[in-house]
Amino acid sequence: MGVLDGKRALVMGVANKRSIAWGIATALRREGADLAFNYAIERLRPNVEELVATLPGHERMPVMPCDVTRREEVDALFAELQRRWGALDVLVHCIAFAPIEELKGEFRGISLKGLLSAVEISAYSLVALTRAALPLFERAGGGSVISLTFNAAERVVPSYNVMAMAKAVLEAETRYLAADLGPQNIRVNTISAGPLKTLAASAVRGISAARELWEAKAPLRRNVTQEEIGNVAVFLASDWSRAVTGATIFADNGMNIMGATE
Ligand SMILES: NC(=O)c1ccc[n+]([C@@H]2O[C@H](COP(=O)([O-])OP(=O)(O)OC[C@H]3O[C@@H](n4cnc5c(N)ncnc54)[C@H](O)[C@@H]3O)[C@@H](O)[C@H]2O)c1
């Protein structure tokens, strides 16, 4: 018996075994959820399929193409879920992208094109995917939308630049979507995770230094793990969090409470 028995969850954003989405997928599966996955580009398909094949019950788990900038792929993904499940309980959004040249240097140097691209893929997609999931959530009697953020939205983190702007949009969207969709029993929350060495994070200059800072200065004096983020997602996907919506939940070993760290 798991706390997510009978729940159907779409996990978006697995690229490889280090992906936060993969940590969340394994935690949701451990608790009994049925899962579906996407891959952003054809090159990632074998990775995702190989990982999914390691999960118990993988024969029932669809792995579908979906680049969030392609409307037809978003529509096709939800049409396939409609055909297979007819309803959806949980949507996990672990998607972020910014042009690499935008993730270094002085903030004043950001370009409009880079900013728009980061916001489109990393933030607007939360609204577009939630909207596409609505008919399926309605058939489930409600839903839980979970995304990932980083506290560079509220505090200044060198090099995060356009991605920090995208995370500020994502966190505001979390509140607006929660207010908009609450009457349909759809909850929307975002997890603000500490730094993890993933593909996306390796694009940001200074990820290793950030992890050293966490070990030295975070109240719990360590870095977070994929599994720990997965467990927070289990809580948000489950009925245990039925009173929680519109929240940015920190899973960062307490770093967000710190002022000057010297
Ligand atoms: N790693 C960290 O330190 C950290 C900390 C806090 C929050 N986050 C957030 O966690 C989430 C997951 O990132 P991650 O660190 O696991 O890295 P990751 O590289 O494993 O995941 C990012 C995913 O975004 C997908 N993606 C990019 N462009 C896309 C598009 N156009 N359409 C569909 N998918 C697309 C990639 O394919 C990849 O699967 C992101 O929102 C990231 O900002 C990461």
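Just the heavy atoms: all of them, side chains too, but no hydrogens, waters or symmetry mates, feed the values below. Read the numbers this way: they start at 1 and go in the same order the structure lists the ligands and their atoms.
Leu10 has its side chain out of reach of Phe37: every pair of non-hydrogen atoms, C-beta onward, lies at least 4.5 Å apart. Annotation: side chain of Ile24 is in contact with side chain of Cys94 (closest heavy-atom distance under 4.5 Å).
The side chain of Lys167, and not its backbone, has at least one atom closer than 4.0 Å to an atom of ligand 1 (non-hydrogen atoms only; side chain from C-beta on). Contact annotation for Asn16 and ligand 1: no heavy atom of the residue comes within less than 4.0 Å of the ligand. With a 4.0 Å heavy-atom cut-off, ligand 1 is reached by the backbone of Val14 but not by any atom from C-beta on. Contact annotation: for Leu148 versus ligand 1, heavy atoms closer than 4.0 Å belong to both the backbone and the side chain. Within the 4.0 Å heavy-atom criterion, the part of Cys66 lying near ligand 1 is the backbone and not the side chain.
For ligand 1, the polar-atom distance check against Phe97 finds no nitrogen or oxygen pair separated by under 3.5 Å. Residue Thr198 places at least one N or O, backbone or side chain, under 3.5 Å from an N or O of ligand 1. For a threshold of 3.5 Å applied to N or O pairs, the pair formed by Leu196 and ligand 1 contains at least one separation below that value. Checked against a 3.5 angstrom limit, the closest N/O atoms of Met163 and ligand 1 fall outside it.
What sits closest to atom 23 (C) of ligand 1 on the protein, heavy atoms only, is Cys94 O, 3.4 Å. Regarding atom 19 (O) of ligand 1, its nearest protein heavy-atom neighbour is Ala200 N, 2.9 Å. Ranking protein heavy atoms by distance to atom 27 (C) of ligand 1, first place goes to Ala96 O, 3.5 Å. Of the protein's heavy atoms, Thr149 O, 3.0 Å lies nearest to atom 7 (C) of ligand 1. At the shortest separation from atom 34 (N) of ligand 1 among protein heavy atoms lies Ala40 CB, 3.4 Å. With respect to atom 26 (N) of ligand 1, the closest heavy atom belonging to the protein is Ile95 CG2, 3.8 Å. For atom 39 (O) of ligand 1, the nearest non-hydrogen atom of the protein is Gly13 O, 2.8 Å. The nearest heavy-atom contact from the protein to atom 32 (N) of ligand 1 is Val68 N, 2.9 Å.
Checking Arg30 against Asn231 by side-chain atom types alone, a donor-acceptor pair falls below 3.5 Å. For the residue pair Thr190 / Thr174, no side-chain donor-acceptor distance below 3.5 Å is found, with atom types taken as modelled. Side-chain contact annotation: Glu102 with Ser111, donor-acceptor N/O pair under 3.5 Å present.
In Arg211, the CZ atom is crowded: over 12 heavy atoms of neighbouring residues, nucleotides or ligands sit closer than 6.0 Å. Atom CG of Leu220 has more than 12 neighbouring heavy atoms from other residues, nucleotides or ligands inside a 6.0 Å radius. Around CZ of Arg70, the count of heavy atoms belonging to other residues, nucleotides or ligands within 6.0 Å does not exceed 12. Within 6.0 Å of the CD atom in Gln82, the count of heavy atoms belonging to other residues, nucleotides or ligands exceeds 12.
Closest heavy-atom approach to atom 28 (N) of ligand 1 among the candidates Ile191, Ile121, Leu199, Asn38: Ile121. Residue nearest to atom 44 (C) of ligand 1, selected from Asp67, Val74, Ile20: Ile20 (by heavy-atom distance).
Shown here for Ala133 and Leu91, the closest heavy-atom pair between the two residues is CB-CD2, 4.5 Å.
Protein heavy atoms all stay at least 4.0 Å away from atom 36 (C) of ligand 1.
Gly194 counts as a contact of ligand 1, since one of its heavy atoms falls under 4.0 Å from the ligand.
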